[in-house]
Amino acid sequence: MSARIVPGQGETSSVRYRGGKGEPLLLLHGFSACADSWGPVLPALERHHEVVAVTYPGHMGGGPIPPGFPHTIAASVDLAEREMDLGGWDKMHIVGNSLGGWLAIELARRGRAKSVVAISPGGGWVRDSREALRLEKLFRNIKTSLHVGGPIAPVLARFATTRRVALGRIVARPEQLSRAEAQMMITASWRCDVFDDVVRALRREVEPALLHPLPCPIRLVWGTRDRILPMSRYSHHWRNVLPGAEFVELSGLGHVPMFDDREAVARSILEVTAREGHGAEATALAS
């Protein structure tokens with residue numbers, strides 16, 4: 001992906017990648033990741049869409065966080081809407097992973113989405129619940145490990161065994177990662193300037209509210225080997241507040257499944273965008 005990263009469209013743009021032709025498709029990455037996390041699925045998506053990938057402020061490769069930013073979901077969705085306005089997009093197909101999945105659903109709530117595919121979306125917990133407290137503790141443990149692992153990311157990325165130790169919670173098949181992919185994933189988390197701010201904000205964030213009827217088609221996609229947001233613990237709230245959404249399980253895949261099975265993830269996206277698009281083939285395969 002790095003060979004085709006584009007500079008921001010103006011001083012405040014978060015766009016880091018734009019390519020392909022067709023109806024616009026916005027890609028929103030997970031917490032402490034970056035636009036490069038979509039690299040494995042870009043070729044398949046670009047055959048059907050103009051693909052736009054952003055990197056959030058405060059994340060590796062992104063711009064600075066706005067002064068006084070409150071680190072709430074509502075404020076983050078405000079930034080996403082502003083990005084769409086800068087690009088001249090009233091509505092887009094939106095795909096998000098983890099935090100990006102939560103943002104994608106909230107953009108749909110505001111009427112900005114033609115369709116949404118939310119891959120292991122964050123937000124599937126009730127404030128102060130066991131699930132919320134578990135996640136806060138997990139992220140703090142990850143941050144501690146990054147103090148050691150971040151500076152030696154090139155070494156950890158070199159061998160399949162160390163990739164599994166460093167990234168086994170993020171992807172189900174870390175041995176499949178290239179050295180460059182593994183180093184990118186470790187380094188992105190290490191260089192996430194807002195890591196601590198976001199983790200602290202988790203405690204204050206209000207859980208997603210009911211969204212019914214759906215403003216657009218929404219598909220929830222979950223890897224059955226997700227160790228960050230296990231499906232058995234974090235999918236129920238979303239199913240309750242999105243009663244009209246589709247639910248698709250990806251067998252054996254992890255929290256960032258693009259690196260486990262790019263074809264399955266791309267297919268899960270294109271099946272939805274093709275149904276809602278114009279001129280796309282509903283039987284498009286992500287081969």
Side-chain angles (χ1 to χ4, degrees), residues 28-33 37 71-74 76-77 94-106 108-109 116-146 164-174 185 189 192 195-212 214 218-261 264-265 268-269:
L28 301 174
H29 62 75
F31 166 51
S32 82
S37 63
H71 298 285
T72 63
I73 292 298
S76 297
V77 178
I94 305 176
V95 178
N97 177 213
S98 194
L99 171 61
W102 191 354
L103 298 178
I105 293 167
E106 296 306 319
R109 193 188 299 272
V116 164
V117 177
I119 303 170
S120 294
W125 55 83
V126 175
R127 186 164 55 175
D128 294 326
S129 65
R130 290 183 181 179
E131 286 71 30
L133 296 175
R134 171 199 170 270
L135 193 61
E136 182 180 3
K137 181 179 179 180
L138 175 63
F139 282 141
R140 294 195 186 283
N141 289 339
I142 290 173
K143 182 61 181 292
T144 299
S145 69
L146 287 170
R164 176 162 291 281
V165 171
L167 296 168
R169 286 182 291 198
I170 308 300
V171 295
R173 303 166 185 170
M185 294 180 75
S189 290
C192 180
F195 197 106
D196 293 332
D197 293 323
V198 173
V199 172
R200 281 192 294 267
L202 282 176
R203 184 67 68 90
R204 304 187 301 269
E205 188 63 54
V206 176
E207 59 269 13
L210 178 69
L211 183 56
H212 182 73
L214 297 181
I218 296 178
R219 171 179 280 188
L220 302 173
V221 177
W222 230 287
T224 61
R225 289 181 61 190
D226 189 330
R227 295 178 62 192
I228 299 293
L229 298 176
M231 183 173 61
S232 61
R233 299 185 66 171
Y234 292 92
S235 68
H236 299 300
H237 185 69
W238 278 122
R239 297 200 211 198
N240 289 335
V241 302
L242 300 174
E246 290 184 278
F247 191 88
V248 172
E249 296 182 14
L250 296 181
S251 180
L253 306 193
H255 186 62
V256 185
M258 296 79 79
F259 293 98
D260 289 323
D261 189 334
V265 173
S268 295
I269 295 167

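None of the values given here were measured: they were computed from a predicted structure. Along the sequence shown, the residues carry numbers beginning at 1.
- Between F31 and F195, the angle of the ring planes lies from 30° to 60°, which puts this pair in the tilted group.
- Both tests pass for R239 against the ring of F247: distance under 6.0 Å to the centre and angle within 45° of the axis.
- Between the CG atom of L211 and the CD1 atom of I218 there is a distance of 5.5 Å, given to the nearest 0.5 Å.
- Between S268 and V248, the closest heavy-atom pair is OG-CG1, 4.5 Å.
- At a threshold of 4.5 Å between non-hydrogen side-chain atoms, the residues S189 and I170 do not count as touching.
- Side chain of S37 to backbone of A33: no donor-acceptor contact under 3.5 angstrom is found.
- Ion pair R134/E131 not flagged as a salt bridge, since none of the NZ, NE, NH1 or NH2 atoms sits closer than 4.0 Å to an Asp/Glu carboxylate oxygen.
- Taken from OG in S32 to CG in L146, the straight-line distance is 7.5 Å, to the nearest 0.5 Å.
- Considering only heavy atoms from C-beta on, I119 stays 4.5 Å or farther from W222 through its side chain.
- At least one side-chain heavy atom of L138 sits under 4.5 Å from a side-chain heavy atom of R169.
- In plain terms, the two heavy atoms of N97 and H255 that are nearest each other are ND2-O, 3.1 Å.
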Any chance you could lay out the side chain to side chain contact (heavy atoms under 4.5 Å, CB included) test for D226 and I228, step after step, and finish with the verdict? CA-CA 6 Å; D226 189 330; I228 299 293; 3.7 Å; yes

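- Between the R173 side chain and the D260 main chain, a donor and an acceptor come within less than 3.5 Å of each other.
- Other residues, nucleotides and ligands contribute at most 12 non-hydrogen atoms within 6.0 Å of the NE2 atom of H212.
- Taken to the nearest 0.5 Å, the CD1 atom of I142 stands 13.0 Å off from the NZ atom of K137.
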Atom pairs and distances, side-chain donor-acceptor, residues 199-208, under 3.5 Å, sequence neighbours left out:
from	atom 1	to	atom 2	distance (Å)
R200	NH2	D197	OD1	2.5
R203	NE	E136	OE1	3.0
R203	NH2	E136	OE1	2.8
E205	OE1	I73	N	3.0
E207	OE1	R127	N	3.1

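- What you find for G96 and A104 is that their closest heavy atoms are N-CB, 4.3 Å.
- Between I94 and L28 there is a side-chain heavy-atom pair separated by less than 4.5 Å.
- Screening L220, V241, L214 for a side-chain contact (heavy atoms from CB on, under 4.5 Å) with I105, the sole residue that qualifies is L220.
- What you find for S98 and G30 is that their closest heavy atoms are CB-CA, 4.0 Å.
- Heavy-atom minimum distance, L253 versus A264: CD1-CB, 4.5 Å.
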L229 and W125: side chain to side chain contact (heavy atoms under 4.5 Å, CB included), yes or no, with the steps? CA-CA 10 Å; L229 298 176; W125 55 83; 4.1 Å; yes

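- Side chains of V198 and H71 form a contact here, defined as non-hydrogen atoms less than 4.5 Å apart.
- Distance CG/D196 to CZ/R140: 7.0 Å, rounded to 0.5 Å.
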Derivation of the side chain to side chain contact (heavy atoms under 4.5 Å, CB included) call for W102 and W238: CA-CA 10 Å; W102 191 354; W238 278 122; 3.7 Å; yes

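- Under the 4.5 Å side-chain criterion, counting only non-hydrogen atoms from C-beta, V171 is not in contact with M258.
- Side chains of V221 and S120 form no contact here, defined as non-hydrogen atoms less than 4.5 Å apart.
- Here the closest heavy-atom approach between residue G101 and residue P121 is recorded as C-CB, 3.9 Å.
- Counting heavy atoms from C-beta on, the side chains of E249 and M231 come closer than 4.5 Å.
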